Chemist: 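One structure, pasted below without further comment.
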Amino acid sequence: MNSFFAYLARLKLIRRWGLMQSVWPENDAEHTLQTVTIAHALAVIRRDVFHVPCNVERCAMLAVYHDASEVFTGDLPTPVKYFNPALHGEYEKIEMMARERLLRTLPEEMRPGYKPYVVDMEKDELWPLAKAADTLSAYLKCVEELRAGNHEFKKAHDEIKKKIEDMHCREADWFLNHFARSFTLTLDEME
């Protein structure tokens, strides 16, 4: 029996922002969907706005599995994950072990087709776009929480925005300039 897809179905049980009081709780499945749509958009922006060849679907697939190992580890809050370099290094080892364990839940003949996305995603040339999408998703969560009056997310908002700026990813900058403001609007204000 293989349990790969049963594990992935548990992404909806993993709560994000565990140390934060949220107006709208978010789980890994919701975050993953948003990250995939943003990764796809960033790849389209690279290809169609900046005219740089880009495998749009591959970028989206990297985002599909970017947090899949959390079915074993849970979502470790950022302040804990980066508390000190030694802890962060150990967490990266645990995360890799979780990725490899998840891959082993597939039939052996399917593993080569999933390994680039489940285990080796960070080696892919499109990984920076998928990672930028992950960061943009976190930023947009902060924007939504602030719009709802939840000032608990103010510091995270500012730190994540700085992180995006420091990426120097023109696709992420373009996305922010064209789409982020709409997350501050009410339904009636949207065009």
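Computed over heavy atoms, backbone and side chain alike; hydrogens, waters and symmetry mates excluded. None of these values were measured; they are calculated from a predicted model.
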Chemist: On the 0 to 90° scale, with breaks at 30° and 60°, tag the Phe4-Tyr65 ring pair as parallel, tilted or perpendicular.
Modeler: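 Geometry flag for Tyr65 against Phe4: tilted rings.
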Chemist: Determine which pairs satisfy salt bridge (charged side-chain N to carboxylate O under 4.0 Å, His left out) with at least one residue from residues 182-191, sequence neighbours left out, and list them in order.
Modeler: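 Listed once each, the pairs would be none.
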Chemist: Identify the two heavy atoms, one from Asn2 and one from Thr105, that lie closest to each other, and give their separation to 0.1 Å.
Modeler: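 Distance-wise, the nearest heavy atoms are CB-O, 3.1 Å.
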Chemist: With rounding to the nearest 0.5 Å, note down the distance linking CH2 in Trp174 to CD1 in Ile45.
Modeler: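 The distance works out to 5.0 Å.
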Chemist: Determine, for Lys131 against Asp134, whether the closest basic-nitrogen to carboxylate-oxygen distance falls under 4.0 angstrom.
Modeler: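 Salt bridge between Lys131 and Asp134, a charged N being under 4.0 Å from a carboxylate O: yes.
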Chemist: Distance check, rounded to the nearest 0.5 Å: Lys115 atom NZ versus Asp120 atom CG?
Modeler: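 Separation between the atoms: 4.5 Å.
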Chemist: Using the rule that Ile, Leu, Val, Met, Phe, Trp and Tyr join whenever any side-chain heavy atoms are under 4.5 Å apart, tell me whether Tyr114 and Val36 fall into a single cluster.
Modeler: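 Yes, Tyr114 connects to Val36 through the hydrophobic network.
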Chemist: Taking ring pair (Phe, Tyr, Trp, His ring centres under 6.0 Å) as the test, write out the residues that go with His40, two or more places apart.
Modeler: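 Ring pair (Phe, Tyr, Trp, His ring centres under 6.0 Å) check on His40 returns nothing, list empty.
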Chemist: When clusters are formed by joining ILVMFWY residues with side-chain heavy atoms under 4.5 Å apart, either directly or through shared neighbours, do Val64 and Tyr7 land in the same one?
Modeler: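 The answer is yes; both residues are in one hydrophobic cluster.
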Chemist: Does Met167 sit in a hydrophobic cluster with other residues, and if so which ones, taking ILVMFWY side chains as linked at heavy-atom separations under 4.5 Å, directly or through other members?
Modeler: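 Grouped by the 4.5 Å side-chain rule, Met167 forms a cluster of one, so the answer is none.
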Chemist: Take Met96 and Val119 through the side-chain contact (heavy atoms from CB on, under 4.5 Å) test and state the conclusion after the steps.
Modeler: CA-CA 7 Å; Met96 183 54 74; Val119 176; 3.8 Å; yes
Chemist: Which heavy-atom pair separates Asp75 from Arg16 by the least distance, and what is that distance?
Modeler: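 What the structure gives for the nearest pair is OD2-CA, 3.4 Å.
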Chemist: Would a distance-only check, ignoring hydrogens and angles, find a side-chain to backbone donor-acceptor pair under 3.5 Å from Asn150 to Gln21?
Modeler: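 Yes.
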Chemist: Which pair of non-hydrogen atoms, one from Trp17 and one from Ala138, has the smallest distance, and what is that distance?
Modeler: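 What the structure gives for the nearest pair is CZ2-O, 3.8 Å.
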Chemist: Identify the two heavy atoms, one from Ala98 and one from Thr73, that lie closest to each other, and give their separation to 0.1 Å.
Modeler: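 So the minimum-distance heavy-atom pair works out to CB-CG2, 3.8 Å.
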Chemist: Mind listing the closest non-hydrogen atom pair of Leu129 and Cys169 along with its distance?
Modeler: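 In terms of heavy atoms, the two residues are closest at CD2-SG, 3.9 Å.
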Chemist: Taking the side chain as everything from C-beta on, heavy atoms only, tell me whether Pro116 gets closer than 4.5 Å to Met61.
Modeler: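 Not in contact.
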Chemist: Quick one: list whatever passes salt bridge (Lys or Arg N to Asp or Glu O under 4.0 Å) with Glu159, sequence neighbours left out.
Modeler: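 Salt bridge (Lys or Arg N to Asp or Glu O under 4.0 Å) list for Glu159, sorted by chain: Lys155.
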Chemist: Any link between Leu8 and Met97 through a network of hydrophobic side chains (Ile, Leu, Val, Met, Phe, Trp, Tyr) touching at under 4.5 Å?
Modeler: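 No: no chain of side-chain contacts under 4.5 Å links Leu8 to Met97.
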Chemist: Side chains of Cys142 and Ile160: closer than 4.5 Å at any heavy-atom pair?
Modeler: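 Cys142 reaches Ile160 side chain to side chain.
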Chemist: The test is side-chain contact (heavy atoms from CB on, under 4.5 Å); show your working for Phe153 and Lys141 and say whether it passes.
Modeler: CA-CA 9 Å; Phe153 280 77; Lys141 168 66 173 166; 4.3 Å; yes
Chemist: Are Val71 and Leu11 side-chain neighbours, meaning at least one heavy-atom pair lies under 4.5 Å?
Modeler: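 Side-chain contact under 4.5 Å: yes.
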Chemist: Starting from Leu33, walk the hydrophobic network (Ile, Leu, Val, Met, Phe, Trp, Tyr; side-chain heavy atoms closer than 4.5 Å) and list everyone else you reach, by chain and number.
Modeler: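 The other cluster members (ILVMFWY side chains, heavy atoms under 4.5 Å, direct or chained): none.
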Chemist: Any ion pair linking Lys154 and Asp158 (charged N to carboxylate O, less than 4.0 Å)?
Modeler: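 Yes, Asp158 and Lys154 are salt-bridged.
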Chemist: Do Val118 and Leu106 have side-chain heavy atoms sitting under 4.5 Å apart?
Modeler: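 The answer is no; the side chains never approach within 4.5 Å.
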Chemist: Look up atom CG in Leu62 and atom CG in Asp124, then write down how far apart they are to the nearest 0.5 Å.
Modeler: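 Separation between the atoms: 4.5 Å.
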Chemist: Of all residues at least two apart in sequence or in a different chain, which pass the salt bridge (Lys or Arg N to Asp or Glu O under 4.0 Å) check with Glu152?
Modeler: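 Not a single residue meets the salt bridge (Lys or Arg N to Asp or Glu O under 4.0 Å) criterion with Glu152.
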Chemist: Looking only at atom types and distance, does a side-chain atom of Arg47 sit under 3.5 Å from a main-chain N or O of Asn55, one as donor and one as acceptor?
Modeler: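 Flag not set: sc Arg47 to bb Asn55 has no pair under 3.5 Å.
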Chemist: Is any side-chain heavy atom of Arg99 closer than 4.5 Å to a side-chain heavy atom of Phe72?
Modeler: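 No, side chains not in contact.
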Chemist: Would a hydrophobic clustering, with Ile, Leu, Val, Met, Phe, Trp and Tyr connected at side-chain separations under 4.5 Å, put Phe5 with Leu13?
Modeler: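 Different hydrophobic clusters.
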Chemist: Rounded to the nearest 0.5 Å, what's the gap from CG on Asp28 to CD on Glu30? Could you check?
Modeler: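 Going from CG on Asp28 over to CD on Glu30, the span is 9.5 Å.
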Chemist: Would you give the length of the straight line joining atom OG of Ser22 to atom CD of Glu145, rounded to the nearest 0.5 angstrom?
Modeler: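 Interatomic distance, Ser22 OG to Glu145 CD, rounded to 0.5 Å: 4.5 Å.
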Chemist: For the residue pair Phe179 and Phe175, categorise the inter-ring angle as parallel (less than 30°), tilted (30 to 60°) or perpendicular (more than 60°).
Modeler: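 Rings of Phe179 and Phe175: tilted, as their planes differ by 30° to 60°.
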Chemist: Just do the side-chain contact (heavy atoms from CB on, under 4.5 Å) check on Arg147 and Phe183 with the steps written out, would you?
Modeler: CA-CA 8 Å; Arg147 186 183 60 122; Phe183 283 78; over 6 Å; no
Chemist: Considering residues, nucleotides and ligands other than Arg10, do more than 12 of their heavy atoms fall under 6.0 Å from its CZ?
Modeler: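 12 or below, so no.
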Chemist: Do Phe50 and Leu42 land in one hydrophobic cluster if side-chain heavy atoms of ILVMFWY residues count as linked below 4.5 Å?
Modeler: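 Looking at the clustering, Leu42 is in the same group as Phe50.
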Chemist: What's the spacing between His31 NE2 and Ile38 CD1 if we round to 0.5 Å?
Modeler: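 Here the interatomic distance stands at 8.5 Å.
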Chemist: Any ion pair linking Lys93 and Glu90 (charged N to carboxylate O, less than 4.0 Å)?
Modeler: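 Answer for the salt bridge query: yes.
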Chemist: Which atom names give the shortest non-hydrogen contact between Thr35 and Ser137, and what distance separates them?
Modeler: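 Smallest interatomic distance, heavy atoms only, reads OG1-CB, 3.6 Å.
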